[in-house]
Amino acid sequence: MGGVLHARGDLSLGAVVAAALYLRQFTGPLDEILMRVEQLQGSGASFARMEGLAAAPRSGPEEGAPVPVDDRIDVTGVRYAYDRGGEVLRGVDLTVRPGERLAVVGPSGAGKTTLSRLLAGVDAPTAGSVTVGGVPVADLAPETLRRQVVLVTQEHHVFLGTVRENLLIAEPSATEEELWAALAAVGAAGWVRELPGGLDAEVGADRRRTDGSQAQQLALARVVLADPHTLILDEATALLDPTTARHTERALAAVLRGRTVIAIAHRLHTAHDADRVAVMEGGRLTELGTHDELVRAGGAYAALWGTWHGERRHA
C-alpha cells in the first residue's frame, strides 16, 4: 500500500520507509503476546488435568467388594449424556458372550466410541447398567478392572522413563522373564534388545524416541501383562501409516488369541470377520447378528456393506 501511495505522489519515500519500520517493530511484541497466551492456555489445560487427578479416588478396593463370577458382559437399558450435550446413547441392550468377537458398526456419531468407554469402565452410564460377571464395571477397583476389560484406542503413549517402567505400569510384580515374554508376544523384543541398556533404556520425550509402531507395541505389551479376558479395540491402527499398521496388526493378532474382543469397526472388513455384528444408529442398537444374517436382512448393515464393498471394488 505504501508503494502505491508513493507512486501516486501521496506519500514521500521517507514516510513509506518509516511506516514499514514501525510495523516491523510492532510485530515483535505481538508475537510475544501470542506466545504467552498460548503458554497460558497450555498451562490451564495441564492444571485442569491435575485437578481431575486430585479428585480421583485413592482408596483401594473395599474389604468384601464383589468380584465378577465370570467373563460375560451385559449392557442393560444404557443411556448416556455428556454434561454439555444431548443424549448420546438411548436405551442400549447387549450381551457379549465369553470368547466372542463382536464388531460394533455404524455411521459417525452413532455412539460407538461412547459405548466402548462405558464397556471399559472409563465412564458410568447416566441410566441403566454395564456389568461384567454381574458386577457393574464402573464400580470395579482399577486393579480388578484391568484384569477384566481393557480399552485399546488409536492413541498410544510412551511414558517418560525406562522400557521396564513403561511395562511395569500394567503389572508391578512382573519378573524380567515375563517382561521379555510380553515384548516377544507383540514382536518388540528384537528392537528393545538393541537399545543401550535393553529394558533399562530411557525412552520418552527428549530421550530415545519411539516410532508409532514401537509405541503401540509397548502399549500392547502392557495389555499382555495385564492379561484381561476382554479387549475393546477402537480402531487401534486407524491413525498409523500402512507399513506401521501391518506391524501393529500382527502384534494385535497375538494379543487377541483366547480373549473376548469387542471391535469398534470403522472399516467393515473387521465386521466381516467377527462372530456377530452390532449396528448402532442415533445412539440405539438397531441390528444384531452375523455378517451373513444382516446382509440377507437388507437393513442398515446391508446398506453399509453394499456401499463399502462397492467403493472397494471400484477402487
| task | Identify the heavy atoms of Gly187 and Gln217 that sit nearest to each other, and give their distance. | result | O-NE2, 3.4 Å
| query | Are Asp93 and Thr76 linked by a side-chain donor-acceptor pair shorter than 3.5 Å? | reply | no
| Hey, what do you get for CZ (Arg222) to CG (Asp227), rounding to the nearest 0.5 Å? | 16.0 Å
| request: Answer whether the closest heavy-atom distance between the side chains of Arg284 and Val92 falls below 4.5 Å. | output: no
| Smallest separation among heavy atoms of Leu151 and Ala120, with atom names | CB-CB, 3.7 Å
| message | Can you confirm whether more than 12 heavy atoms, excluding those of Gln39, are under 6.0 Å from its CD atom? | response | yes
| With a 3.5 Å cut-off and no angle check, do the side chains of Asp200 and Thr162 form a donor-acceptor pair? | no
| Is the backbone of Gly282 close enough, under 3.5 Å, to the side chain of Arg90 for a donor and an acceptor to pair up by distance? | yes
| Does any donor atom in the side chain of Thr114 or Tyr82 lie under 3.5 Å from an acceptor atom in the other side chain? | yes
| query | Between the side chains of Thr260 and Glu100, is a donor N or O closer than 3.5 angstrom to an acceptor N or O? | reply | no
| task | Indicate the atoms forming the closest heavy-atom contact of Ala302 with Val295, along with that distance. | result | CB-O, 3.6 Å
| task | Over all heavy atoms of both residues, which pair between Leu140 and Gln148 is shortest? Give the atoms and the distance, please. | result | CD1-CG, 4.1 Å
| said: Do Glu171 and Ser173 pair up side chain to side chain, a donor and an acceptor below 3.5 Å, judged on atom types alone? | reply: yes
| Any idea which heavy atoms bring Leu225 and Glu178 closest together, and the distance? | CD2-O, 3.8 Å
| query | Do you know which two heavy atoms are closest between Arg72 and Asp70, and how far apart they sit? | reply | N-OD1, 3.1 Å
| query | Do Arg276 and Glu293 sit within salt-bridge range, that is, some charged N less than 4.0 Å from a carboxylate O? | reply | no
| Do other residues, nucleotides or ligands put more than 12 heavy atoms under 6.0 Å from Met1 CE? | no
